[in-house]
Participant: 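Okay, handing you the structure first.
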Amino acid sequence: MKRFADSIAREKGVKPPPGYATTASICRAFLNQHAPRKADAGIPVATGSKPASPAQILFAEKLAQEKGIAIPVEAKASSGAMSTWIDSTQVNKRDKRRRKRVNTPTKSIAPKSAVQRKRSRKGAANVVAAATPSVPARGNSGTDTPLWIPYGNKDAALRLGARYRAGGWYAPAGVDLAAFGERGWLQSQAPLSS
């Protein structure tokens, strides 16, 4: 209440009465004098509810235009009435089903394999392996050298040219392995865990 009184005092250029910050009755009297309530200002407000928001009104007008109907005066009286009218006018069950189908994610447009995968009725576990074309995995060309990088040496390994993927650390083709060998980081030199 004090903040509102301060903003009214700044807006109107008046000084608030002494004690308004500590006494609610003084603050309320100041606000009643300088900031009358909306109902007192002549704005029609339904008792116990707030008027329909501008966003509700715009949405309702758009909806009414699409459906070719008029917005009832009762709906414009309050936010709750407007919300009820929008909900009842917006969609029926058939439209909801259609909307769910429309908003489903789009399927991939990538070309499908010429050989279709066959599934048994028992589940996806019995997919015919020969039906799917084999795609070589990244880094399976045999040129990458596996590395054993001790914990805490990530930055040093990256500076030397090491890379990390799901399978672990490796040195890509063309990276000098001498620095990794000096540190004992080549996979063949990794200590065996007991």
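Excluded from the calculations below are hydrogen atoms, water molecules and symmetry mates; all remaining heavy atoms, backbone and side chain alike, are included.
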Participant: Under the criterion salt bridge (Lys or Arg N to Asp or Glu O under 4.0 Å), I'd like the reasoning laid out for D6 against K2: C-alpha separation, chi angles, the key distance, then a yes or no.
Facilitator: CA-CA 6 Å; D6 289 338; K2 178 192 173 297; 2.9 Å; yes

Participant: Taking all non-hydrogen atoms of both residues, which atom of L177 and which atom of A171 are closest, and how far apart?
Facilitator: CD2-CB, 3.6 Å

Participant: Considering non-hydrogen atoms only, spot the tightest contact between I26 and P17 and give its length.
Facilitator: CG2-CG, 3.7 Å

Participant: Quick one: pull up NZ in K50 and CE in M82 and give me the separation to the nearest 0.5 Å.
Facilitator: 13.0 Å

Participant: For residues Y20 and F4: do they belong to one hydrophobic cluster (side chain heavy atoms under 4.5 Å, members Ile, Leu, Val, Met, Phe, Trp, Tyr)?
Facilitator: no

Participant: Group every Ile, Leu, Val, Met, Phe, Trp and Tyr by side-chain heavy-atom contacts under 4.5 Å, then state whether I69 and I57 land in the same group.
Facilitator: yes

Participant: Could you pull out all residues at least two apart from N153 that satisfy side-chain hydrogen bond (donor to acceptor under 3.5 Å, both in side chains)?
Facilitator: none

Participant: Within the 4.5 Å heavy-atom criterion, are Q33 and V14 side-chain neighbours or not?
Facilitator: no

Participant: Of all heavy-atom pairs between A75 and W85, which one has the smallest distance, and what is that distance?
Facilitator: CB-CB, 3.8 Å

Participant: Could you report the tightest heavy-atom contact between F30 and A9, atom names first, then the distance?
Facilitator: CZ-CB, 4.1 Å

Participant: Let me confirm one number: the CD-OG distance from Q56 to S78, rounded to the nearest 0.5 Å.
Facilitator: 8.5 Å

Participant: Short question: side chain of T89, backbone of I86 - any donor-acceptor pair under 3.5 Å?
Facilitator: no

Participant: Hey, does the side chain of T84 reach the backbone of G80 with a donor-acceptor pair shorter than 3.5 angstrom?
Facilitator: yes

Participant: Indicate the atoms forming the closest heavy-atom contact of A162 with W169, along with that distance.
Facilitator: CB-CE3, 3.9 Å

Participant: Taking the side chain as everything from C-beta on, heavy atoms only, tell me whether D144 gets closer than 4.5 Å to R163.
Facilitator: no

Participant: Are the side chains of K154 and I149 in contact, using a 4.5 Å heavy-atom criterion?
Facilitator: no

Participant: Looking at every heavy atom in both A156 and W185, which two are closest together, and how far apart are they?
Facilitator: CB-CH2, 4.1 Å

